[in-house]
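Atoms within each ligand, like the ligands themselves, are counted from 1 in listed order. Being a predicted model, the structure only gives us computed values, none of them experimental.
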Amino acid sequence: MTKTAQNILVTTNKEKLAQAACNHFINLANQIIQQKGRFSVALAGGSTPAFFYSLLGKKSHDIRDWGSIHFFWGDERCVPPNHKDSNYFLAKRALFNQISIPANNIHRILTELPPEQAASNYEVQLRSFFNIPKNAPVEALQSTFDLVLLGIGKDGHTASLFPEDAASEEKKRWVVWSPHLKPPPPMISRVSLTLPIINTASQVTFLVSGEEKADILKQIISPDSTFQDPLPAAKVHPHQGDLLWLIDSAAASKL
Ligand code: 6PG
């Protein structure tokens, strides 16, 4: 594994990427639990983190206290919680089914509600958890999540913030929904954390694997002039937190 200037850790393959992500999660969670008594993490969706989540479940004894960890999501597809496309269902199958964790520690986006209500309900959940008053502007926030895990799509999206989508330009709300009627699949309504709240995390870690992400990763990490407006993933810069890129050599091949 090699580390470069911009907190980029490159692993030889996707299995090593999952192992690096697992070790990183365990070390950070145990450190924050010891310091603060609890650890809040927003999980990424998509397929990349699946192996990492299942590896974490297998190494569950390395976590000091699962009861001190609170799970959230960076985004969710508007499908039932037991649907194959559900990001919650991905984490349930890969991780939660392997560990013993209080149900109250799993803060699901309630996709059985209409999308707009699911988004506003999730923001109410977040404000309550972080003890932030309803009318407090997002700019006033010091820090929220201890860790936000994200992936990127080949179009430069992250969470469910897609290029040229109003959700990616949101400046006030913590959570928004978008109809997501065009590729990439699945073309279903999504609920997503917005960039202002993502950038209040103490740490954001991107997990990126595969040669198909190499071109867009180059544009995100070292953009050239062809991209006028920065891609959503390129707008993730935690105000007072750390940004870490965990990528495999195939995805790093154009850097
Ligand atoms: C989602 C994810 C999304 C994902 C990227 C990468 O709900 O789809 O949050 O942002 O992280 O699309 O997905 P893959 O890991 O499947 O390439």
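Contact shell of ligand 1 (protein heavy atoms, cutoff 4.0 Å): Gly45, Gly46, Ser47, Thr48, Asp75, Arg77, Asn87, Gly151, Ile152, His157, Thr158, Ala159, Arg190, Lys213.
Comment: Glu139 engages Lys172 in a salt bridge, judged by a side-chain N to carboxylate O separation of less than 4.0 angstrom. With respect to Lys254 and Asp215, a salt bridge is recorded, a charged nitrogen being found less than 4.0 Å from a carboxylate O.
The main-chain N or O of Pro133 is found under 3.5 Å from a side-chain atom of Arg127 such that the two form a donor-acceptor pair.
Screening Leu195, Leu161, Val148, Ile152 for a side chain to side chain contact (heavy atoms under 4.5 Å, CB included) involving Val236 leaves a single residue, Leu195.
Inspection of the Ser209 and Asp248 side chains reveals an N or O donor paired with an N or O acceptor under 3.5 Å.
Here Trp245 contributes atom CH2 and Leu255 contributes atom CG; the two are 9.5 Å apart, rounded to the nearest 0.5 Å.
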